[in-house]
Student: 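Quick one: this structure, given as structure tokens, is what I'll be asking you about.
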Amino acid sequence: QVQLVESGGGLVQAGGSLRLSCAASGRTFSRYAMGWFRQAPGKEREFVAAISWNGGSTNYADSVKGRFTISRNNAKNTVYLQMNSLKPEDTAVYYCASGDDYVAADEQYEYDYWGQGTQVTVSS
């Protein structure tokens, strides 16, 4: 059974930083792309960032480019999201997801396993 467990969320002031982690188990982690998505209150879940199976390719939403960095450690079966220069509009529940192949995709249907989410709140 595939499990994805996010951690690292919390409350931070605008301009601050957080690092999210997602530990994966139950499948060969290094074969698949990983992604981060988020859902703010009253809004649809949206793409944030993705990374290919070996970390060689990354993909970011325009709203986070230059502020967020996705990375992975295949030896630890973990994907990270470093979030800098946080803004109140980054407030959301952040989900990690495991892709259905090795490409750093930005569509939700291309991910077949999801974590339970971690709350990120940015105060102004």
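All of these numbers come straight from a predicted model, not from anything done at the bench. Note that these values count all heavy atoms, side chains included, but never hydrogens, waters or copies made by symmetry.
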Student: When you compare the side chain of Gln39 with that of Glu44, does any pair of heavy atoms fall below 4.5 Å?
Tutor: no

Student: Using links of under 4.5 Å between side-chain heavy atoms of ILVMFWY residues, direct or through other members, which residues join Tyr60 in one cluster?
Tutor: Val2, Leu4, Val12, Leu18, Leu20, Phe29, Met34, Trp36, Val48, Ile51, Val64, Phe68, Ile70, Val79, Leu81, Met83, Leu86, Tyr94, Tyr113, Val120, Val122

Student: Closest approach of Pro88 and Ala14, non-hydrogen atoms and distance?
Tutor: CD-CB, 4.1 Å

Student: Hey, are the side chains of Tyr80 and Arg72 touching, using non-hydrogen atoms and a 4.5 Å cut-off?
Tutor: no

Student: Decide whether Ser71 and Asn73 meet the rule of one side-chain donor and one side-chain acceptor closer than 3.5 Å.
Tutor: no

Student: Please enumerate all residues that pass side chain to side chain donor-acceptor pair (under 3.5 Å) together with Ser17, with sequence neighbours excluded.
Tutor: Asn84

Student: Going by the rule side chain to side chain donor-acceptor pair (under 3.5 Å), which residues pair with Glu89 if we only count those two or more places apart in sequence or in a different chain?
Tutor: none

Student: Let's go through Asp90 and Lys87 carefully: what are the C-alpha distance in whole Å and the side-chain angles of both, what is the deciding distance for salt bridge (Lys or Arg N to Asp or Glu O under 4.0 Å) to 0.1 Å, and is it a yes or a no?
Tutor: CA-CA 5 Å; Asp90 294 318; Lys87 305 174 181 179; over 6 Å; no

Student: Restricting to non-hydrogen atoms, name the atom on Ala104 and the atom on Ser52 that form the minimum distance, rounded to 0.1 Å.
Tutor: CB-N, 3.6 Å

Student: By the side chain to side chain donor-acceptor pair (under 3.5 Å) test, which pairs, at least two apart or in different chains, include something from residues 1-16?
Tutor: Glu6-Gln116

Student: According to the side chain to side chain donor-acceptor pair (under 3.5 Å) rule, which pairs have a member within residues 102-111, sequence neighbours left out?
Tutor: Arg45-Gln108

Student: Under the 6.0 Å and 45° cation-pi test, does Arg27 pair with Tyr32?
Tutor: yes

Student: What pairs meet the disulfide bond (SG atoms under 2.5 Å apart) rule with one or both residues in residues 39-92, with sequence neighbours excluded?
Tutor: none

Student: Of all heavy-atom pairs between Asp112 and Gly99, which one has the smallest distance, and what is that distance?
Tutor: OD1-O, 3.5 Å

Student: Show the nearest heavy-atom pair for residues Asp101 and Val103, with the distance to one decimal.
Tutor: OD1-N, 3.0 Å

Student: Has Thr78 got a side-chain atom pairing as donor or acceptor with Lys76's backbone, closer than 3.5 angstrom?
Tutor: yes

Student: Assert yes or no for the condition that the ring centre distance of Tyr95 to Phe37 is strictly below 6.0 Å.
Tutor: no

Student: Let's go through Arg38 and Ser63 carefully: what are the C-alpha distance in whole Å and the side-chain angles of both, what is the deciding distance for side-chain contact (heavy atoms from CB on, under 4.5 Å) to 0.1 Å, and is it a yes or a no?
Tutor: CA-CA 12 Å; Arg38 67 186 181 186; Ser63 59; 3.5 Å; yes

Student: Rounded to the nearest 0.5 Å, how far does OG of Ser30 lie from CG of Asn54?
Tutor: 9.5 Å

Student: Taking side chain as C-beta onward, heavy atoms only, is Asn59 less than 4.5 Å from Ser57?
Tutor: no

